[in-house]
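Presented below is the structure to which this report refers.
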Amino acid sequence: MALWVFGYGSLLWNPGFTPLRATKARLADYHRSFCMLSIHHRGTPDDPGLVLALDHQPGGQCTGVAFQVAPEEEPAVLETLRERELVSSAYYEDHVTLTCDDGKKIDALAYIVDRTHAQYCQFDLERQAQMIARAVGGRGPNTEYLYNTAAHLTDMGIRDADLSWLADRVRALTAT
């Protein structure tokens with residue numbers, strides 16, 4: 001059985017591997033949300049940033065990309081993804097069923113936020129913008145994460161009103 005990985009945030013523009021195939025896909029009952037404090041990659045414990053997570057929302061939908069991993073690369077890709085995504089256990093790894101535009105179903109690996117974890121948060125959009133505008137972590141500025149994700153969603157024809165608003169607001173906050 002082929003290994004597929006669901007990208008909805010930074011995996012869209014930086015999967016960390018070369019996929020065998022990629023296809024637009026939707027996950028039901030979840031939404032993309034800046035609901036995880038980033039204390040490693042896009043912020044620090046003293047000045048956390050925010051990263052996207054799949055957050056459970058009955059009736060919701062998250063559109064992203066299903067990436068197929070080459071069979072010979074599966075062990076290395078899994079190791080790399082786990083090192084990257086499970087750095088603080090704020091995400092958990094799960095298998096989800098995605099629906100492609102043609103109706104085909106794909107079983108994929110996804111990283112979902114643990115709502116009981118200390119890094120789980122729910123802030124209004126203005127507070128999110130303020131945090132993203134100033135945070136920097138081990139992988140760079142939080143603004144870069146936001147802008148790259150928003151640009152890739154736009155390029156794919158995926159409308160995410162919250163991300164669009166955040167990108168515009170953060171640009172205004174960081175304008176010199």
Side-chain angles (χ1 to χ4, degrees), residues 5-17 27 29-58 60-65 67 76-96 108-156 158-176:
V5 178
F6 185 52
Y8 57 87
S10 64
L11 289 175
L12 293 172
W13 46 273
N14 183 19
F17 64 96
L27 177 61
D29 294 325
Y30 287 87
H31 71 114
R32 177 185 5 260
S33 174
F34 273 106
C35 63
M36 186 191 304
L37 296 172
S38 181
I39 59 173
H40 300 286
H41 298 317
R42 298 297 175 165
T44 65
D46 292 331
D47 192 14
L50 292 169
V51 290
L52 292 163
L54 286 174
D55 198 9
H56 187 253
Q57 180 187 40
Q61 177 176 283
C62 179
T63 302
V65 175
F67 295 108
V77 167
L78 277 173
E79 182 180 342
T80 300
L81 285 172
R82 287 173 175 159
E83 182 178 295
R84 169 181 166 175
E85 302 297 328
L86 303 177
V87 65
S88 67
S89 302
Y91 289 125
Y92 63 91
E93 192 176 81
D94 202 0
H95 286 271
V96 297
L109 190 65
Y111 293 93
I112 300 170
V113 69
D114 176 357
R115 285 181 158 201
T116 67
H117 196 276
Q119 286 174 255
Y120 179 75
C121 60
Q122 287 288 309
F123 299 131
D124 64 42
L125 289 175
E126 180 60 31
R127 182 161 179 200
Q128 291 176 38
Q130 296 287 334
M131 292 175 73
I132 291 168
R134 71 171 185 266
V136 178
R139 290 191 181 228
N142 207 171
T143 54
E144 175 187 67
Y145 177 96
L146 168 65
Y147 298 152
N148 280 336
T149 305
H152 275 74
L153 290 172
T154 298
D155 290 348
M156 294 174 55
I158 299 170
R159 172 124 173 84
D160 188 312
D162 287 352
L163 249 68
S164 294
W165 186 91
L166 281 167
D168 289 344
R169 180 66 179 133
V170 169
R171 280 188 183 92
L173 289 170
T174 58
T176 53

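By the 4.5 Å heavy-atom criterion applied to side chains, Ser10 and His41 are not counted as neighbours. Looking only at side-chain heavy atoms (C-beta outward), Leu163 and Thr154 stay at 4.5 Å or farther from each other. The side-chain heavy atoms of Cys62 and Leu54, taken from C-beta on, include a pair separated by under 4.5 Å. Thr63 places none of its side-chain heavy atoms less than 4.5 Å from the side chain of Met156. The closest side-chain heavy-atom distance from His40 to Arg139 is not below 4.5 Å.
Of all the heavy atoms in Ala110 and Val96, the pair that sits closest is CB-CG2, 3.8 Å. Heavy-atom minimum distance, Ala167 versus Ala150: CB-CB, 4.3 Å. Across Val113 and Ala53, no two heavy atoms sit closer than the pair CB-CB, 3.5 Å. Listed here is the closest heavy atom pair of Ile132 and Asn142: O-CB, 3.4 Å. Between Ala135 and Asp47, the shortest heavy-atom contact is CB-O, 4.0 Å.
Between the side chain of Tyr145 and the backbone N or O of Leu52 there is at least one donor-acceptor pair closer than 3.5 Å. Between the His56 side chain and the Ile112 main chain, no donor and acceptor come within less than 3.5 Å of each other. Between the Arg42 side chain and the Leu50 main chain, no donor and acceptor come within less than 3.5 Å of each other. Side chain of His117 to backbone of Met36: no donor-acceptor contact under 3.5 angstrom is found.
In this structure, Phe67 and Phe17 have perpendicular ring planes: the angle between them is above 60°, well past the 30° mark.
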List the steps and the verdict of side-chain contact (heavy atoms from CB on, under 4.5 Å) for Asp114 and Gln119.
CA-CA 9 Å; Asp114 176 357; Gln119 286 174 255; over 6 Å; no
Where do Asn148 and Asn14 land on the side-chain contact (heavy atoms from CB on, under 4.5 Å) test, with the steps shown first?
CA-CA 9 Å; Asn148 280 336; Asn14 183 19; over 6 Å; no
Show your reasoning for whether side-chain contact (heavy atoms from CB on, under 4.5 Å) applies to Leu109 and Glu85.
CA-CA 12 Å; Leu109 190 65; Glu85 302 297 328; over 6 Å; no
Kindly indicate, with the supporting measurements, whether the criterion side-chain contact (heavy atoms from CB on, under 4.5 Å) is fulfilled by His95 and Phe6.
CA-CA 9 Å; His95 286 271; Phe6 185 52; over 6 Å; no
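Rounding to the nearest 0.5 Å places SG of Cys35 at 8.5 Å from CD of Gln128. Once rounded to the nearest 0.5 Å, the distance linking CG of Leu173 with CG of Asp168 reads 11.0 Å. A distance of 11.5 Å separates CZ of Arg159 from CG of Leu153, quoted to the nearest 0.5 Å. Atom OG of Ser33 and atom CD of Gln57 lie 9.0 Å apart (nearest 0.5 Å). In this structure, Leu86 CG and Tyr91 OH are separated by 10.0 Å, a value rounded to the nearest 0.5 Å. Annotation: the span from Phe34 atom CZ to Leu125 atom CG amounts to 10.0 Å, rounded to 0.5 Å.
With 3.5 Å as the limit, one finds no donor-acceptor pair spanning the side chains of Arg32 and Thr149. Side-chain polar atoms of Glu93 and Tyr111 form a donor-acceptor pair below 3.5 angstrom.
In this structure, Arg171 is positioned above the aromatic face of Tyr147, its NZ or CZ under 6.0 Å from the six-membered ring centre and within 45° of the axis.
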